[in-house]
Amino acid sequence: MIELLKNDYPKHYKTKLKQELSLWETQDVDFEIVDPKGGQESPKLCSTGEGDAVYHNALAKHLTVINIDTYFSQFGDKQAGRGKRCDLMWYADDLSIFALDELTSGKEQSFVDLQKSGNKWIKGPLQLEESAQRLLAVPAVKKRIFEFNHRKLIFSYRVTEKILSEQEKKDNPSAFAQSQFLLAAQNMDSLTMRDSKVEGFELEYHRYPTPYNI
C-alpha cells in the first residue's frame, strides 16, 4: 500500500508526491489514539485515558497506520486532495482488515444537534466516504484494498460533555426531540451500517472508551 500511495496514486491524478508519508507501525495488544485539538498536530498514540479511540489487537497483528489527512493535504486543491478528508488509514499485514478512521471528540450537543453547522455525526461519515472514493478511483489502489478480508469506514468519537440543560430543552424543544433520537444510537458502544455509500465497505460508529476489536 505504501508504494501505491507513493507512485500509483499521484500518477493517476497527474501530480507528484511532495513529502514522505507520515506513518507508524505497531503490534501492541491495547492502544489509544488521540487527534490533538487545534489542528497543529497529527493523530498519535497516547496514554490510556487520553485518546479519542481505543483499540484491542488480541492477536498482536502487525498494523501500519498512515496519516492519510496529511497525505491528501499535500496535493492542495488538485483533484488528488480535493474534498473532505478523514484522519487515518490503517491495515493489518495479514490482510484481515483495511480501515479508514475519523477521530473526533466534543460536547454531546455537537453530535446530536442536526441544525448545528458541522454536526459531527453527519460530517464524520462524509469525510470517510470522500476519502475512500478518492482512493478507489485509482485502479491499483482499489485492487489492493479489495484484497483485504474486511474493509471498514470507522467514525471514532468521544463525548466530553453531556447533552442539553433543562433550560435548553425548554427553549428549543425540536432540537431536544432530535437529540433523543440520535442519542439512542450514540449510546450504543458501536453501530455498524452494513450498506455504506462506498462499495465494499461497512460504516461503523464507535464510541470511546469501548475498544475497537481488530
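Note: hydrogens, waters and symmetry copies are ignored here, and every other heavy atom, side chains too, is used. Computed from a predicted structure; not experimentally measured.
In the hydrophobic cluster analysis, where Ile, Leu, Val, Met, Phe, Trp and Tyr join through side-chain heavy atoms closer than 4.5 angstrom, Val138 is grouped together with Phe146. Note: the hydrophobic cluster containing Val141 also contains Leu153 (ILVMFWY, side chain heavy atoms under 4.5 Å, direct or indirect links). Cluster annotation: Val198 is connected to Leu4 through the hydrophobic network of ILVMFWY side chains, with a link wherever side-chain heavy atoms come within less than 4.5 Å. Residues Leu95 and Leu135 fall within the same hydrophobic cluster, defined by Ile, Leu, Val, Met, Phe, Trp and Tyr side chains chained together at heavy-atom separations under 4.5 Å.
Other cluster members for Tyr212: Trp24, Phe31, Ile33, Leu45, Tyr55, Leu63, Val65, Leu88, Trp90, Ile97, Leu103, Ile154, Ile214, joined by side-chain heavy-atom distances under 4.5 Å among Ile, Leu, Val, Met, Phe, Trp and Tyr. Val29 forms part of no hydrophobic cluster, judged by ILVMFWY side-chain heavy-atom separations under 4.5 Å.
With sequence neighbours left out, Lys142 forms a salt bridge (Lys or Arg N to Asp or Glu O under 4.0 Å) with Glu199. Under the salt bridge (Lys or Arg N to Asp or Glu O under 4.0 Å) criterion, Asp52 pairs with no residue, sequence neighbours left out. With sequence neighbours excluded, the residues satisfying side-chain hydrogen bond (donor to acceptor under 3.5 Å, both in side chains) with Glu32 are Tyr208. The salt bridge (Lys or Arg N to Asp or Glu O under 4.0 Å) search around Arg151 returns none, not counting sequence neighbours. For the side-chain hydrogen bond (donor to acceptor under 3.5 Å, both in side chains) test, residues two or more places apart in sequence or in another chain that qualify with His56 are Asp30. Partners of Thr70 by side chain to side chain contact (heavy atoms under 4.5 Å, CB included), not counting sequence neighbours, listed by chain and number: Gln19, Ser42, Asn67. Scored by the salt bridge (Lys or Arg N to Asp or Glu O under 4.0 Å) test, Glu147 finds Lys143, Arg144 as partners (sequence neighbours excluded). Evaluation of the side-chain hydrogen bond (donor to acceptor under 3.5 Å, both in side chains) rule for Ser131 yields no partner, not counting sequence neighbours. Residues passing the ring-ring contact (aromatic ring centres under 6.0 Å, His included) test with Tyr13 are Tyr9, sequence neighbours excluded.
Minimum heavy-atom separation, Val54 to Pro209: CG2-O, 3.8 Å. Across every non-hydrogen atom of Ser156 and Asp101, the tightest pair is OG-OD1, 2.8 Å.
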Criterion side chain to side chain contact (heavy atoms under 4.5 Å, CB included) on Lys18 and Phe75, from CA distance to verdict: CA-CA 8 Å; Lys18 297 180 180 178; Phe75 301 115; 5.7 Å; no
CA sep, side-chain torsions, deciding dist, call: Phe98, Phe201, side chain to side chain contact (heavy atoms under 4.5 Å, CB included): CA-CA 9 Å; Phe98 172 93; Phe201 279 80; 4.0 Å; yes
Step-by-step side chain to side chain contact (heavy atoms under 4.5 Å, CB included) determination, Thr104 to Lys123: CA-CA 11 Å; Thr104 192; Lys123 180 183 176 183; over 6 Å; no
Worked verdict on Leu126 versus Glu129 for side chain to side chain contact (heavy atoms under 4.5 Å, CB included): CA-CA 5 Å; Leu126 289 176; Glu129 290 162 6; 3.7 Å; yes
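A distance of 10.5 Å separates CD1 of Ile2 from CD of Glu20, quoted to the nearest 0.5 Å. To the nearest 0.5 Å, atoms NE2 (His12) and CZ (Arg134) are separated by 12.0 Å. Here the straight-line distance linking atom CG of Asp93 with atom CD of Glu25 works out to 7.0 Å at 0.5 Å rounding. Phe148 CZ to Asp94 CG: the interatomic distance, rounded to the nearest 0.5 Å, is 8.5 Å. Note that CG of Leu128 and NZ of Lys152 are 13.0 Å apart. Values are rounded to the nearest 0.5 Å. With rounding to the nearest 0.5 angstrom, the CD1 atom of Ile66 is 4.5 Å from the OH atom of Tyr91.
Put simply, the side chain of Glu130 gets close to the backbone of Lys84: a donor and an acceptor are under 3.5 Å apart. Counting only distance, with no hydrogens or angles, the side chain of Ser105 and the backbone of Val159 share no donor-acceptor pair below 3.5 Å.
Counting heavy atoms from C-beta outward, Met1 and Ile145 have side chains that approach closer than 4.5 Å. In this structure, the side chains of Cys86 and Phe155 stay at 4.5 Å or more apart for every pair of heavy atoms.
Applying the salt bridge (charged side-chain N to carboxylate O under 4.0 Å, His left out) test to every pair with at least one member in residues 58-81, sequence neighbours left out, gives these pairs: Asp69-Arg85, Asp77-Arg82.
The environment of Gln79 atom CD is sparse: at most 12 non-hydrogen atoms of other residues, nucleotides or ligands sit within 6.0 angstrom.
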